[in-house]
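Okay, so here's the structure we're looking at.
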There are 2 protein chains.
Amino acid sequence: MDERKRLILNAIIQDYICSAEPVGSRTLVKRHRIGLSPATIRNEMADLEDMGYLQQPHTSSGRIPSPRGYRFYVNSIMEDYILTPAELNRMEKLIAAVGIPFSHSPRQLAKLLAAVTSYISLIAEPSDNIQEIRHINLIPLSASSAICIVVLSDGNVKYHAVSIPEGVGPQEIDALSTFINRRLQGILLSDVNSKLLQELKAEFAGNLGLIDEIFLLVRHLLFANTQELVMDGATNLLNEPEFKDVDKVRELFKTLEQNEQILKLMEADSRRLDDLDIKIGPEIGLESFTDCSLVVATFTLTDHKVTLGILGPSRMHYAKTIGFIRWLREYFSSGGS
Amino acid sequence: MDERKRLILNAIIQDYICSAEPVGSRTLVKRHRIGLSPATIRNEMADLEDMGYLQQPHTSSGRIPSPRGYRFYVNSIMEDYILTPAELNRMEKLIAAVGIPFSHSPRQLAKLLAAVTSYISLIAEPSDNIQEIRHINLIPLSASSAICIVVLSDGNVKYHAVSIPEGVGPQEIDALSTFINRRLQGILLSDVNSKLLQELKAEFAGNLGLIDEIFLLVRHLLFANTQELVMDGATNLLNEPEFKDVDKVRELFKTLEQNEQILKLMEADSRRLDDLDIKIGPEIGLESFTDCSLVVATFTLTDHKVTLGILGPSRMHYAKTIGFIRWLREYFSSGGS
DNA sequence: TGTTAGCACTCTTATCTATCGAGTGCTAAT
DNA sequence: ATTAGCACTCGATAGATAAGAGTGCTAACA
């Protein structure tokens with residue numbers, strides 16, 4: 001891969017990212033001032049195709065980058081993108097308009113990311129599964145109901161209403177609350193099993209119906225697959241020419257509705273804290289995402305980690321997308337909320 | 001509107017709901033055994049069109065129902081739909097497969113509704129804004145952070161991390177927690193204003209930086225527009241022939257992404273508890289929903305109210321949709337969880 | 001030997017045309 | 001009041017044609 005090929009590949013990819021049209025030799029020399037004739041470009045293009053970096057939708061059309069082409073571009077050609085003043089300005093305005101600190105609202109963060117990148121944004125709060133229970137208690141709400149709240153060591157809070165059996169008064173609820181808090185505090189989630197709960201139940205002196213319900217609830221709260229995925233900007237992709245076909249859109253959205261799958265995708269990269277991970281087309285490993293790319297990064301927002309993803313067409317503006325993410329990470333880690 | 005016209009309108013609407021194709025006089029007599037010739041039907045159809053119940057996409061095509069036609073159908077023609085054993089079976093299987101009680105998870109409920117109706121399901125928890133604070137406390141998490149939890153009288157729980165200033169120990173956090181709980185408990189949300197908070201601050205003897213942060217947080221938690229809207233089945237609509245055009249889909253989804261608008265839509269009907277409300281096409285009042293209908297109902301799930309909506313094409317199977325909703329309401333109110 | 005002009009060829013896209021068929025409205029007969 | 005018959009409308013479908021962008025290959029050139 002000599003310097004000239006890199007140059008040409010770069011030009012082709014940048015053109016294609018903007019135009020979404022296969023780029024031919026003539027248009028390429030017209031747009032970029034390369035001191036070469038179309039015929040020469042054609043030869044180089046043929047070479048790049050043989051090497052697997054380009055592909056031809058059909059015999060007599062221009063070339064488009066292959067996933068491998070994008071990969072090479074991202075790894076070896078792409079240069080850092082400096083956000084324009086207009087872009088910075090817009091972003092700061094959007095941030096100011098939100099009002100609430102972003103750490104309070106993953107939805108707002110998702111909205112911001114989608115607006116700024118014009119792709120789909122995904123936000124997941126990575127689950128440490130070696131958590132322990134930090135606090136658990138019962139807050140009476142009415143004569144017949146209370147709220148059970150569990151605080152986990154990563155700062156997550158789970159809660160749900162429980163109904164109180166007839167004849168159980170506030171003081172008994174309080175006693176139970178104190179009891180389970182004393183006994184479950186500090187316990188690892190992985191140690192909360194039915195054996196432990198049985199032991200506690202035997203030890204407890206009060207209303208058994210109530211403690212039964214609480215334990216059932218605790219298990220549901222803690223082990224229900226409740227990791228949240230927030231998404232925004234789904235419609236952005238509908239503006240991209242690769243999704244002018246409803247069937248493709250349907251497949252894509254169907255996959256997006258299966259949160260577990262998407263969460264797994266983002267999970268895989270949530271480890272490295274300060275870099276970001278780029279998956280291109282087939283690398284994502286999902287049929288309906290073959291024409292997409294996914295950029296995943298981990299952020300720190302006021303003490304808690306957040307994993308975010310940007311899903312766009314493979315023809316995504318990688319440099320700019322990464323630029324935005326880096327800028328936001330910088331902004332948040334230096335005190336922006 | 002005589003009996004025969006009703007019969008014909010009914011037949012046309014039912015046909016169109018199934019086929020999504022304009023229905024002509026010949027096909028109508030073929031499919032339904034009406035003892036009339038196509039010519040007679042044609043005359044009746046022309047009348048029904050004059051009356052505003054039908055419309056013709058173009059001069060030489062069959063008729064489709066107008067919004068007014070659907071309205072008349074829903075109000076005066078439609079009969080109760082009895083779920084088939086297969087449908088009941090499927091629904092019960094889906095419910096059993098969830099494992100968690102639905103009251104724990106609006107997402108699961110949304111998924112169920114979408115799967116069962118094959119339309120878009122929307123779930124909102126109606127916000128009573130005359131709530132009071134039932135409980136507020138701080139749970140230390142690490143040396144430098146704690147979780148602030150607020151329980152509201154309707155059972156909603158809001159929480160967020162706060163960072164603890166250097167040198168503030170657990171006992172001081174505890175003191176603050178007890179203090180704000182004692183002073184804010186029972187206070188109406190509408191009475192939590194900066195004047196009250198200033199008074200409390202003056203009264204409090206401990207670390208002022210911390211209480212400042214807590215108060216800021218409380219205001220954000222309580223007044224941020226955080227009413228949640230959960231949606232599922234968006235892809236279902238992509239199967240409907242009226243959405244084979246991406247532009248329409250884009251407009252629809254764009255509107256759906258604006259949660260506030262949708263919430264307002266559902267709010268308007270959350271008052272009547274036991275009936276359900278049907279909005280057809282233009283009645284919804286949103287440009288991009290002109291080809292859609294919305295069925296809104298309010299449910300009671302283990303003590304708390306939930307508003308749910310089903311959004312489908314105007315050509316929706318109204319009777320069946322309503323049948324599902326009624327069955328589910330019955331199921332949940334009679335102890336199903 | 002690398003580069004380029006020229007040319008024949010390929011393949012997609014847009015446009016036009018003709019045809020088909022489902023459906024209508026109207027008239028006249030029952 | 002109903003219906004058979006008929007002329008007419010209009011969208012959908014299928015070829016056919018032309019335009020255009022682009023290629024690969026060959027031969028000439030520096």
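Below, chains carry the letters A, B, ... as their sequence lines are ordered, and counting in each starts from 1.
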Kindly state which residues belonging to residues 45-56 of chain B come within less than 4.0 angstrom of DNA chain C, counting heavy atoms of the residue only, listed by number.
-> B:Met45, B:Gln56

Is the shortest distance from a Lys or Arg side-chain nitrogen in B:Glu3 or B:Arg6 to a carboxylate oxygen in the other one below 4.0 Å?
-> yes

Measure the distance from CD1 on B:Ile41 to P on D:dT3 and round it to the nearest whole Å.
-> 9 Å

Under the salt bridge (charged side-chain N to carboxylate O under 4.0 Å, His left out) rule, collect the residues that match up with A:Lys244, sequence neighbours excluded.
-> none

Closest approach of A:Thr307 to A:Met266 (non-hydrogen atoms, all atoms of both residues) = O-CE, 3.5 Å

Less than 4.0 Å between a side-chain N and a carboxylate O, is that true for B:Arg250 and B:Asp247?
-> yes

B:Arg42 CZ - D:dT3 P separation (whole Å) = 11 Å

Mind calculating the distance between NZ (B:Lys5) and P (D:dA1) to the nearest angstrom?
-> 11 Å

Would you please name every residue forming a salt bridge (charged side-chain N to carboxylate O under 4.0 Å, His left out) with B:Arg107, sequence neighbours left out?
-> A:Glu228

What are the atom names and distances for every N/O pair under 3.5 Å that joins the protein to nucleotides 17-22 of chain C?
none

Between B:Thr59 and D:dC10, does any side-chain N or O lie under 4.0 Å from OP1 or OP2?
-> yes

List, one per line, each side-chain donor-acceptor pair under 3.5 Å for residues 109-120 of chain A, sequence neighbours excluded.
unit_1	atom_1	unit_2	atom_2	d
A:Lys111	NZ	A:Asp232	OD2	3.4
A:Thr117	OG1	A:Leu113	O	2.7
A:Thr117	OG1	A:Tyr119	N	3.2
A:Tyr119	OH	A:His317	N	2.9

Residues which pass salt bridge (charged side-chain N to carboxylate O under 4.0 Å, His left out) with A:Glu242, listed by chain and number, not counting sequence neighbours = A:Arg315

Could you note down all residue pairs passing side chain to side chain donor-acceptor pair (under 3.5 Å) where residues 51-61 of chain B supplies at least one of them, sequence neighbours left out?
-> none

The complete set of salt bridge (Lys or Arg N to Asp or Glu O under 4.0 Å) pairs with one or both residues in residues 12-30 of chain A, sequence neighbours excluded, reads A:Asp15-A:Arg31

Base of D:dG22 paired with side chain of A:Arg26 (donor-acceptor, under 3.5 Å) | no

Taking DNA chain C as the partner, which of residues 10-25 of chain A come within under 4.0 angstrom of it by heavy atom?
-> none

Give a yes/no answer on whether the side chain of B:Arg63 brings an N or O atom under 4.0 Å of OP1 or OP2 in C:dG25.
-> yes

Checking side chain to side chain contact (heavy atoms under 4.5 Å, CB included) for the pair B:Leu54/B:Ile64: CA distance, chi angles, key distance, verdict?
-> CA-CA 6 Å; B:Leu54 294 179; B:Ile64 63 174; over 6 Å; no

Nucleotide N/O to protein N/O under 3.5 Å, stretch nucleotides 2-4 of chain C:
unit_1	atom_1	unit_2	atom_2	d
C:dT3	OP1	A:Arg4	NH1	2.6
C:dT3	OP2	A:Arg4	NH1	3.4
C:dT3	OP2	A:Arg4	NH2	3.1
C:dT4	OP2	A:Ser37	N	3.1
C:dT4	OP2	A:Ser37	OG	3.4
C:dT4	OP2	A:Thr40	OG1	2.4
C:dT4	O5'	A:Ser37	OG	3.4

Between the OG atom in B:Ser314 and the CD1 atom in B:Ile13, the distance rounded to the nearest 0.5 Å is 11.0 Å

With sequence neighbours left out, write down each residue that passes salt bridge (charged side-chain N to carboxylate O under 4.0 Å, His left out) with B:Arg4, or none if nothing qualifies.
-> B:Glu44

Which pairs pass salt bridge (Lys or Arg N to Asp or Glu O under 4.0 Å) with one or both residues in residues 69-81 of chain A, sequence neighbours excluded?
-> A:Arg71-A:Glu283

